[in-house]
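Protein chains get the first letters and strands the later ones, always in sequence-line order, with residue 1 at the start of each.
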Number of protein chains: 2
Amino acid sequence: MNEKDDFALQDFLPYLLNRAAEESSLGFQKHYKNRYGMLRTEWRVLFHLGNYGQMTAKEIGSRAKIHKTKISRAVAKLSEKRFVTRTRDENDRRSEHLTLTPAGEAAYKDLREHALEFDTSICARFTTGEVAILRYMLRNLAGIEP
Amino acid sequence: MNEKDDFALQDFLPYLLNRAAEESSLGFQKHYKNRYGMLRTEWRVLFHLGNYGQMTAKEIGSRAKIHKTKISRAVAKLSEKRFVTRTRDENDRRSEHLTLTPAGEAAYKDLREHALEFDTSICARFTTGEVAILRYMLRNLAGIEP
DNA sequence: CCTTGTTAGTTACAAAAACAACTAATATCC
DNA sequence: GGATATTAGTTGTTTTTGTAACTAACAAGG
C-alpha cells in the first residue's frame, strides 16, 4: 500500500519518548495516587521541595518547567493536605516560600523510597553503561544541565 | 535542609522521560497543530495509517496503546477533515476499515517530511551509537518489540 | 433459535489541563 | 512622586482527557 521509505513510526524519537514516558509514569503513578491521592504535578512539587528544600512557586515552575497555574493549584492541594506551609516573603510580599510540614516530609520520604525502588527495577534491565548514556541523553533532551 | 541521600530528582527515570518527552513533543507539535489543526492522537492515527496502511480503530489502538475512546474521537475529527474514509467490514459489521484519502495521504507525507527532519536534528547532538542505544532502550521501556 | 457473553466502537459525564484574564505587589523611568 | 510596566500568584473559562455506561453486531452453548 505504501511505497518503501526510510521513515518508521516506531523509530521516531518524540513518539518513542512519549510511549516510554507514559509507560513508566503509569508504573509509578499508583504510589502517589493510591496512597496519597496526589496528581502528577503535586508529587513533582512535593519532590522538588523535599529534594531541594524551601522554594517559591516561581522557582519550582522554572526548575521543573511547569506552568504557574498548575503549580498554584498543586500547592493549594498540598496545603489542604497539610503537606506544605506557605509563608510570605517580607521583602517581596508577592511571593511566598513553600516548606514541607513534618507530614509532607514523611510522605516525601515514603515516596522517595518507592521511586528509588522503581527506578532500580527499571535499570535492572540494562547495563550500567547503557543507563548512564540514557540519563545523559534524556537530560540533554529535556534541557537540564548535566 | 535535607540530609544527604542517593536520590536525585533529576536522575529519576520517569521524571526524566516525561521531561524529555514533553520537550520533544513541543518541538514537533507546531507542525501538525498549526498547519493542520490536529491533536496529538490525531497525528498518531494519521501516521499509523500512513505508515502501515489500512487498519481498523482496534488495531491502531493496540499497536499504539491508545484507548479506544481517544481513537474514536480522533478518527471522527480526521474524517471531518476528509483525511480518512471509513468502510464497514462486510464480514464483521462492527468494525470498520480506515483508509487515508488523497488529502490525508498528502498531509501524512508532508508531516512525515517534517518528522524526519526533526528527528535528524535531534540525533545530530549525539553519536550514532548513542542514538542506537537510546532507541533500543526506549523501545524496551515502551514495551515495543525490537 | 435463544439466552448469555464478548467485542468494536460511540456517547455521556467527571476530572484535569491549557489558556486568558485578573489582583496585588513591586520596579522603572520621567 | 506618579504614571506605566513587570512580576508572583490566583481565578475563570474552554479544551482535552479519563472513566463508565451504552449500542450494535457477533459468538457459543444449550
Any A:Arg86 side-chain nitrogen or oxygen under 4.0 Å from OP1 or OP2 of D:dA8 |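 For D:dA8, OP1/OP2 do not have a side-chain N/O of A:Arg86 under 4.0 Å.
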Verify the contact: side-chain N or O of A:Ser95 to OP1 or OP2 of D:dA8, cut-off strictly under 4.0 Å; return yes or no.
-> no
Which of the following nucleotides, [options], is nearest to the side chain of [X]?
X: A:Leu39; options: C:dA17, D:dT10, C:dG9; result: C:dA17
X: B:Arg93; options: D:dA8, D:dT10, D:dC26; result: D:dC26
X: B:Glu96; options: C:dT10, D:dA25, D:dG9; result: C:dT10
X: B:Asp92; options: C:dA20, C:dA17, D:dA25; result: D:dA25

Base of D:dG18 paired with side chain of B:Arg73 (donor-acceptor, under 3.5 Å) | yes
Under 3.5 Å donor-acceptor, A:Asp119 side chain and B:Leu13 backbone = yes
Counting distance only, does the side-chain N/O of A:Asn140 pair as donor-acceptor with the main-chain N or O of A:Tyr136 below 3.5 Å?
->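 Judged by distance alone, no pair lies under 3.5 Å.
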Do the numbers put B:Arg40 on top of the ring of B:Tyr32, so that NZ or CZ is under 6.0 Å from the six-membered ring centre and no more than 45° off the axis?
->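 The answer is no, since B:Arg40 fails at least one limit relative to B:Tyr32.
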Would you classify [X] as touching base, sugar-phosphate or nothing, given that sugar-phosphate means primed atoms plus P, OP1 and OP2, and contacts are heavy atoms under 4.0 Å?
X: B:Lys58; result: sugar-phosphate
X: A:His67; result: nothing
X: A:Thr56; result: sugar-phosphate
X: B:Asp89; result: nothing

